[in-house]
Protein chains: 2
Amino acid sequence: MTARIIDGKAVAARVRAEVARDVAALDRVPGLATLLVGDDPASAIYVRNKRRLCVEAGMADLHRHLPGDVSQAELAAVIDELAADPDVTGILLQLPLPGHLDAAPLIARIPADKDVDGLTEVSAGRLALGRPGLRPCTPSGVMVLLDEAGVDLAGAEAVVVGRSDLVGKPQGALLLARNATVTTCHSRTRDLAAVCRRADVLVVAAGRPGLIGADAVKPGAVVIDVGIHRGEHGLVGDVRTAEVAEVAGAITPVPGGVGPMTIAMLLRNTVTAAKGL
Amino acid sequence: MTARIIDGKAVAARVRAEVARDVAALDRVPGLATLLVGDDPASAIYVRNKRRLCVEAGMADLHRHLPGDVSQAELAAVIDELAADPDVTGILLQLPLPGHLDAAPLIARIPADKDVDGLTEVSAGRLALGRPGLRPCTPSGVMVLLDEAGVDLAGAEAVVVGRSDLVGKPQGALLLARNATVTTCHSRTRDLAAVCRRADVLVVAAGRPGLIGADAVKPGAVVIDVGIHRGEHGLVGDVRTAEVAEVAGAITPVPGGVGPMTIAMLLRNTVTAAKGL
């Protein structure tokens with residue numbers, strides 16, 4: 001193996017420590033309202049981790065747990081209450097919601113300045129227009145990893161595989177804002193490996209285990225693997241890490257790469273919201 | 001010359017005729033409020049053309065002309081009045097504004113459902129997230145020209161030169177929504193000609209006269225020139241049309257290419273707003 005491993009766990013810990021220092025310097029303790037509906041076990045674990053790290057960073061845990069049969073109107077009313085509450089700095093509606101609820105109009109009720117997940121139309125527009133705003137956590141975390149890896153993004157060829165609202169599309173916008181030449185690929189891209197081989201920076205968020213192999217990587221490229229899947233032998237990403245590590249200059253592992261960054265960036269967003277955008 | 005010329009004037013006339021048919025079929029006449037501040041001669045001409053074609057398409061011309069020394073608060077109040085007026089389907093704030101006015105917070109007062117220029121944060125977010133919304137007129141017009149030229153966008157390599165909020169960035173989003181593999185280039189791109197040569201579809205919106213020559217065009221590519229500049233010998237675009245036309249499969253002229261599409265798409269947006277998004 002030749003590639004340097006980008007240690008997301010260590011970087012995330014550093015970001016959380018910075019957040020804790022920022023929180024300590026604020027006049028008022030920021031509060032994060034995580035909103036969990038129903039009893040999905042995976043969602044419960046995610047929310048528990050967010051709450052724990054929120055408290056570790058010195059912020060107020062303003063969690064709300066609503067029953068799985070809550071109505072759309074009741075949930076909307078809770079969001080409106082949190083939106084109006086000056087103690088609530090950030091609102092995170094844990095997804096997915098139970099099937100009888102419609103997520104989009106609920107997310108739309110979160111004020112952009114409290115939208116610490118960066119999921120509202122206004123937050124997406126602020127990113128698209130290059131204005132101050134709260135950015136989606138996973139692609140922001142990728143940017144921090146690229147900076148930690150010492151990547152010079154200006155003028156670099158960046159290729160993003162995947163065009164989800166949560167990762168691919170905001171990732172492209174963030175890379176473009178840093179002056180990379182950005183290509184976005186997806187399932188309809190004709191020769192995916194050929195396009196990926198152009199990349200100085202390759203961010204893979206396709207949601208397909210092992211999609212990217214060594215044939216799709218330029219020697220020396222920095223490869224960020226956003227995928228995470230439960231495989232036969234443990235967790236795997238969208239990148240075939242072992243073979244790509246023979247070609248790439250640097251690579252994130254799965255687990256321990258992008259994954260830990262997401263909550264760290266959620267906490268950073270909450271501090272950003274507390275400071276005012 | 002080998003390239004087919006894409007006749008934007010003819011396509012724009014067809015779009016306007018479609019808009020007029022749509023207007024005739026509506027129960028209620030849509031109204032377009034163009035808002036002109038001060039006496040900039042170029043802005044006056046643009047607004048006059050918009051009003052004329054709006055009336056030709058059967059819509060109500062709800063123009064407002066405000067003195068050049070209007071205050072920020074007064075202009076904001078006019079926009080709020082138009083926003084609340086059910087007879088006003090679309091609001092267009094003609095830019096640039098006189099120097100003492102701050103455009104961004106004024107644009108932000110335009111409700112996204114009346115934002116026929118597609119300039120608000122919410123409209124940009126809706127585009128980024130692939131949701132129904134009003135799109136910026138010039139890049140939407142480019143999409144119509146590509147369709148008229150019979151381009152199969154799915155899986156095509158599309159390259160956009162320029163990353164402005166008005167054209168380059170929304171253009172990339174629109175091409176991606178149509179399943180092209182999209183690369184966005186800009187002034188920091190290292191080897192612009194090499195990147196452009198990959199393009200099956202090349203959209204140039206760099207704002208630099210004659211930037212793109214034949215060396216940057218793949219044989220048979222479709223080239224759309226968004227630039228328009230007053231040169232020594234009349235209007236010129238960002239593309240050196242004569243030499244590129246020897247290589248490209250199809251090309252828009254300047255003038256008579258993208259230019260006429262912008263107002264046509266403004267009118268189409270107004271009808272879209274009237275129908276409900």
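Side chains are part of it too, since the values below use all heavy atoms of this structure and drop only hydrogens, waters and symmetry mates. Protein chains get the first letters and strands the later ones, always in sequence-line order, with residue 1 at the start of each.
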Mind ranking A/Ala104, A/Ser164, A/Ala124 by heavy-atom pairs under 4.5 Å with chain B and telling me who comes out on top?
A/Ala124
Per-residue contact mode, A/Ser187 against chain B (heavy atom under 4.5 angstrom)
neither
Basic-acidic side-chain contact under 4.0 Å: A/Arg198, B/Glu157:
yes
With chain A as the partner, which of B/Val195, B/Asn179, B/Thr189 has the greatest number of non-hydrogen pairs under 4.5 Å?
B/Asn179
Indicate the atoms forming the closest heavy-atom contact of B/Arg188 with A/Ala154, along with that distance.
NH2-CB, 3.3 Å
Tell me whether A/Asp165 is salt-bridged to B/Arg131, with the criterion being a basic N under 4.0 Å from an acidic carboxylate O.
no
If I take atom CG from residue A/Leu129 and atom CG from residue B/Leu166, how far apart are they, to the nearest 0.5 angstrom?
9.5 Å
Side chain, backbone, both or neither: which part of B/Ser123 has a heavy atom under 4.5 Å from chain A?
neither
Which value, rounded to the nearest 0.5 Å, describes the distance between B/Thr183 atom OG1 and A/Leu176 atom CG?
11.0 Å
A/Ala112 versus chain B, the contacting section by heavy-atom distance below 4.5 Å
neither
Between B/His186 and A/Gly155 (side chain of the first, backbone of the second, donor and acceptor by atom type, cut-off under 3.5 Å), is there such a pair?
no
Is it the backbone or the side chain of A/Val160 that comes under 4.5 Å from a heavy atom of chain B, or both, or neither?
neither
Atom pair CG (B/Asp191) and OG1 (A/Thr181), whose distance is rounded to the nearest 0.5 Å:
10.0 Å
For each of B/Gly172, B/Cys185, B/Ala173, B/Ala156, tally heavy-atom pairs with chain A at distances under 4.5 Å, and name the one with the top tally.
B/Ala156
Which answer fits A/Arg190, side chain, backbone, both or neither, if we ask what part of it has an atom under 4.5 Å from a heavy atom of chain B?
both
